[in-house]
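First the proteins, then the strands, lettered A, B, ... as listed; each starts at 1. Quantities reported herein were computed from a predicted structural model and do not represent experimental measurements.
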Amino acid sequence: MVRDLPGAQHGRARGGPGSAAAADTAVATGCPPPDSARPDTVQPSRPAVRPSPGTPPDKVSHRARGPSSYPMHPPRTPAPPRVVAYTHTMPSALTASQIREAFLKFFEERGHRRVASSSLVPANDPTLLFTNAGMVQFKDVFTGREKRDYKRATTSQKCVRAGGKHNDLDNVGYTARHHTFFEMLGNFSFGDYFKPDAIAYGWEFVTKTLGLDTQRLAVTVFNGEGGIPWDEEAFELWAKQGVPRERIYKLGLKDNFWAMGDTGPCGPCSEIHYFQGNDIACVEEAAGKTCQGVACDCDRWLEIWNLVFMQFERKEKDAPLIPLPKPSIDTGAGLERIASVVQGKRSNYETDLFQNIIAKVSELCGKTYTQEGGASMRVVADHSRAAAFLISDGVQPSNEGRGYVLRRIMRRAIRHGTQLGLDELFFFKVVDRVIDLMGDAFPELRESRTFVLEVCRHEESGFRQTLNRGLKLIDEELAKLQKSGGKQLSGEVIFLLHGTYGFPWDLTQIIARERGYDVDLEGFKVLIGQGGPTGPIGPGQGIADVYMKLVERLGPTQFLGYEGEGHEGEGSIRAILKDGAEVTQASQGDKVELVLDRTPFYGESGGQVGDTGRVVGHGGKSVAQVEDAQRPVAGLVVHTVNVTEGTFKVGDMVQAGVNVERRKSIRANHSATHLLHKALKLVLGEHVKQAGSVVAPDYLRFDFSHFSPATQEQLEKVEDLVNGWIRDNAAAETRVMKLEDAKKSGAVAMFGEKYGETVRVVTVHPESTELCGGTHVRRSGDIGLFKVTSESGVASGVRRIVALTGIGALQYVREQEHELRRAAELLKTSPKDLSKRVEATQKRVKELERKVEEVAVKAQTAGSKDLLEQAREVNGMKVLATQVDSADDSVLRGMADQLRDRIRSGVVAIGGEKDGRAIILVAATKDVVARGINAGALVREMAKEVGGKGGGKADMAQAGGPDAAKLPAALEKLYELVKGAGAA
RNA sequence: GGGGCCAUGGCUCAAUGGGAGAGCGCUCGGCUUGCACCCGAGAUGUCCGGGUUCGAAUCCCGGUGGUUCCA
C-alpha cells in the first residue's frame, strides 16, 4: 500500500482548492440517472428549482414535493427537513472541453496568462508524489522564491490522487466523485488582485458564463478560530455580489482555512456550493444523524469552487501569523464536478468526459453500461485516463513510488476488464481513446501516443502472465488446504501473491471466496507491516529526512562546475553529517558528509558519476579527500569526505578542488553519450529513447529502447557518425532557457526526467541538442576517439551499449591489436592473413581426423575376413568376439557394423584398448534380438570382467573398464553368455 | 545488481544418458532448347571451458550470447 504522501496534503484536509475533487468522501449515490437530465428537453433560460412559469410541469420530477419543500436557506444544522427532488435542468449542455475553454478564456480576458498544465511529476519537489492541485507549479512563486513575468495565471492542471490515508483507489468507480486523475481549473494572483476581484470573477463565471441557478448556490467563509479573525471581508464581498446573507455560512479551521504546511503561506478560504437535492444519500443521515448541509461530506451540497486567500505567513511551526505584504489568490475548481453540475448529472461518470470512454469499453466488451453494474467500466474509464497522463509524463509501471501507484491503477483496471469478459489485451485501446479525446487540450498525449500505448500493452501482457501464474499458485494452495482440511488461505500466501505476482489482497480474497475459502488478512497485514525495504512502499523512502530538511533549510547548493574550467572554487561549509546525523565539526580521521553553499563538485545525477578531489581549509592546515559527491535530493550536493588533516567546522570557508583529469574524462564520456544517443536515433530509428545511462571516467554505458540486437554494421555506422562529429571539432555550447522554449527548439528531453522552469540545453555538436545538467567538453574534438565495446540486452525492449572515448578507446584498440598479433604469431602468419590461416588449419584438422578414422577402419577390417571365420555357432546363432588394436569409439563402431552386416545373423563383440582402459562394443542383428538377445545385457556382464560398467540398446551397446588385461576373458565370456541366454 | 528459460547445419526444429536427424535452403549431376517442377548425389554440426559417467547434444559447474522476470 502506498503511504500517506509526506507533506503532500498537510494542513489541507478539506480546505484547499484541491478538495473540490478526489478528496471527496462521498458515498456511492446509487442513483439512477435523473429523469430531468435530458439536456435536449431543457429550456435555456433560468432553470427552475420550483416549477416556474418557464418550465412545463411534466419536466418536473414526479418526486417533487412542490415549491414549499425547497430549502431556500440551506441550514448548516439541521439538514433540510424533507426530501427534495432533483428537478433542475441546465441552460445548456456544455461539453467538458467547452467548459475548460470557457474558463481559461474567461480569465485570459481578465488579464491572466494562460499557462500550460505542468507535469504530473512535480519538478524539483521530492515531497510530492504527484501534482495534486492547481497551485503546485506555482508553489515557489507564491513563496517568492521564483519570479515569473506575469502576475495572473490561469490553468487547467492535470492532477492525480491515488493514495493517502483513506486509500482512495478502492473507492474509485463506486462513488460519484472519486477519481485517480482529474483536472483542476484555477486562476491565480501572485500579489496582484485579491479578495474583491477573486470573488467577483468566481461569481460571474459560475452564474453568468456557466449560468448556474443562483437559487441553488451557497457560499462559505472562514468563521475565525484559533486566534485567527473571521473573514468578514469575504462575507461582505459575497453579499455585495448578491448572495443572500443567510446563505453565506461560516465554517471553521477544518473546512475553511488553508496552509501549505506547518510553515509558509496560509489563509482563509471560501467555497461555492451547489445544491443537488435532498434525495441524495447522506452518510450522516444514514448514521441516524442530520445532514450538515454545506459542511457535510455528502453531495447534497456539492463544493464546486474553492478560493484560497493567501494573506498570512507562518515562519515557524505554531508561531503567530504574520500578514503578507502582497496577498495572493489560488482558486481551484474540479472540471469533472463542474461538468457534472453543468450537464445536470449526479455523477461525474455521467458526464461526456467519462461517457465517451465508457462507450469504448462497452464496445470492446459488448456489454451495455448501466449505472448499477457499471462499476467495472467506470474503473476502467477512470484508470485509463490516469494511465494515459501518467505515462505521457514519464511515469512507468514499477514496484515503488510513483511507478507502483501507476502499476496498481493499471492492474486494477485490467482486472476489472477481465471481469467484464475482456480476455485479450484491451487496456491500450481504451487509453488510445483517451488520447483521442484529450489530445487537443493536452498535446503531450498525442506526442507520446506510441510510447504510452506500448507501455500499456506491455504492462497488461505482463500482468496477464503473472495473473495466470498467481491463479495457479492459488489453485495449488487451495488444493493443499483441501487435503489438510483448512479453511483459510495463509497470510504468507497472500503476501507472496501481493509481492511476487502483483495480486492485490482483495483479488486474492475474492478468488478464495469464490471457491469457498477464507483468507487470513490479519496475518497478511502483519507481514505487510514489516515489509521492510523490499516491500512496495511510498515515495520519499530512501531519501533520508536529514537531506530533505537540509535542502529546505539551506536551499540548493550552487554548482560552480559550469563556468570556466569549473574544477575549483571557494565555498563555506553549511552542514556536516556524521553517520546521518548533523554535527558541528569533523576532525582528522573522520568520515563525514559535507554540504557547502557553493561547490565545483558535481553530485551524481543524470547518470554522471560524482566528482572526487579534495577540500582544503584554514590555509591548507585542514584537508579532506572527497571520495564521492552525491545528490540525495534535487539541488543538494553532499560530499563524502575523509578528513586527513586538521578539522572542519560548520561555517568554515574552504577551497574545493576537483580531480581534473578524472573530470576531463567524465566530460568526454558525457558529451560522447549525447552524440551516441543521436547517432542511434539516426541509425536505428526515432524510437530510440534513453532508458538509463552511466557516465564514469573510464567508460560510458547507455541503455536505450530498441527491440532487437543492433547488428555489427549498425554499430559501425554509429561509430562512424559519432567519430565524424568528433572530427568536426564543433564548439559545444550550453544555453540556459525556459523549459517551454527548449522543447520548442527541439531539444531532446529525457522522458520522465524532472525539469524545473529553466533548463540547461547542451549542444555538443549541431546534430545533438539535449536538456542536460551535466558537464561537457568545450569542443567535440576533445572526445578524441569513440569506440563501442559491447552491445547487449538488459530487459525486454532495452539494449545496452558500452563505449570508450579518448585514451581509453585507444588502449582498448591496442589491446585488441596485441591479442591479434599474439594469435598470428602462434600460427606463424601475419594478422592480416590470420583468419585465412585459421580456416585452412581447421580444414586440415578435419581432413586428418577423417583420414585417421578411415585408415584405422581399413587396417582393422583388412584382417576381418579371418575374423569372420572365427565366429562360433552357439544356440544356432553365429557369435564372434574379437580384440583389435585400434580403440577409437567410432572405429570400433564402424567395424562392429560391418561385421554384424556380414555375419547376417548373430552377435558380434569387439574389444579394444584405449589409454590402458578396455572398451567393449557389442552389436546384434535384428533377428537374434527378436530371439531374446540383448546387447546391453551382454555387455554389462562382460564389463564386469574388466572391472567396468556399460550398457546400451538391445542391438548395440558399449562398455568400458579399467582392466584392459582382462579383455580376452571378457570377450570369451560372450560365448557363455549367449549360450545361457539362448538356453533361457 | 539478482533469478528463470534457451543455445544442435545457412534457416526452422527433432533426437528415454547409448550410432546426430528431418524439412527448407545450398552445391553437383540427371531430365529439359532453357527455366521451373521432378529424380539422384553431396556439403555444412551439438556456443565455449571444465566436471560426473564405461559412455554426454542430453546431467552438473563456470563463461559467453539470446530472452524474460524481479530489484
Pairwise P distance for G63(B) and G1(B), with rounding to whole Å: 14 Å

Between Gln630(A) and Tyr547(A), a side-chain donor and acceptor under 3.5 Å: no

Neighbour count >12 (heavy atoms, 6.0 Å) for atom NZ, Lys966(A): no

Between U53(B) (C1') and Gln958(A) (CD): distance, integer Å: 12 Å

Pair partner, U32(B) [Watson-Crick or wobble, under 3.5 Å]: none

Separation of atom NZ in Lys944(A) from atom P in C54(B), rounded to whole Å: 15 Å

Separation of C69(B) P from Glu460(A) CD (nearest whole Å): 15 Å

Pairwise C1' distance, C47(B) and G66(B) [rounded to whole Å]: 11 Å

Spacing of the P atoms in U67(B) and A57(B) (rounded, Å): 28 Å

Nucleotide paired to U46(B) in any strand shown, Watson-Crick or G-U, under 3.5 Å: none

Interatomic distance at P, C48(B) relative to C38(B), whole Å: 36 Å

Ionic contact status for Glu713(A) with Lys717(A), cut-off 4.0 Å: no

Whole-angstrom distance between C69(B) and C26(B), as gauged at atom P: 37 Å

Arg917(A) vs G55(B): side-chain N/O to OP1/OP2 distance below 4.0 Å: no

Separation of atom CD1 in Ile920(A) from atom C1' in G18(B), rounded to whole Å: 15 Å

side-chain contact (heavy atoms from CB on, under 4.5 Å), paired with Val907(A), selected from Ile933(A), Asn934(A), Asp955(A): Ile933(A)

Nucleotide of G18(B), G66(B), G1(B) approaching Arg701(A) most closely (side-chain heavy atoms): G1(B)

Identified pairing partner of G25(B), criterion: Watson-Crick or G-U wobble below 3.5 Å: none

G62(B) and G55(B), which share atom name C1', separated by this distance in whole Å: 23 Å

Pairing partner (Watson-Crick or G-U wobble, both distances under 3.5 angstrom) of C5(B): G66(B)

Sugar-phosphate, base or nothing in reach of Arg940(A), heavy atoms under 4.0 Å: nothing

Pair assignment for C54(B), Watson-Crick or G-U wobble, requiring both distances under 3.5 Å: G18(B)

Between A56(B) and G45(B) - C1' atom distance, rounded Å: 16 Å

Euclidean distance, atom CD of residue Gln712(A) to atom C1' of G65(B) [Å, nearest integer]: 14 Å

5' priority, RNA chain B, between Gly961(A) and Ser792(A) [closest heavy atom]: Gly961(A)

Between G66(B) (C1') and Glu791(A) (CD): distance, integer Å: 11 Å

Sugar-phosphate only, base, or nothing, as touched by Ala959(A) at under 4.0 Å among non-hydrogen atoms: base

Least distance between heavy atoms, Asn669(A) atom then Leu700(A) atom: O-CD2, 3.4 Å

Options G66(B), G18(B), G1(B), nucleotide nearest the side-chain atoms of Arg800(A): G1(B)

Sugar-phosphate, base or nothing in reach of Gly948(A), heavy atoms under 4.0 Å: nothing

Distance, rounded to the nearest Å, where Lys949(A) contributes NZ and G18(B) contributes P: 16 Å

Presence of salt bridge, Glu941(A) and Lys944(A), under 4.0 angstrom: yes

Along RNA chain B (nearest heavy atom to each residue), the more 5'-positioned of Ala957(A) and Arg799(A): Ala957(A)

Nearest-Å distance once atom C1' is located in both G10(B) and A43(B): 12 Å

Nearest-0.5 Å distance, CD of residue Gln811(A) to CD of residue Gln816(A): 12.5 Å

Whole-Å distance separating the CE atom of Met956(A) from the C1' atom of G17(B): 16 Å

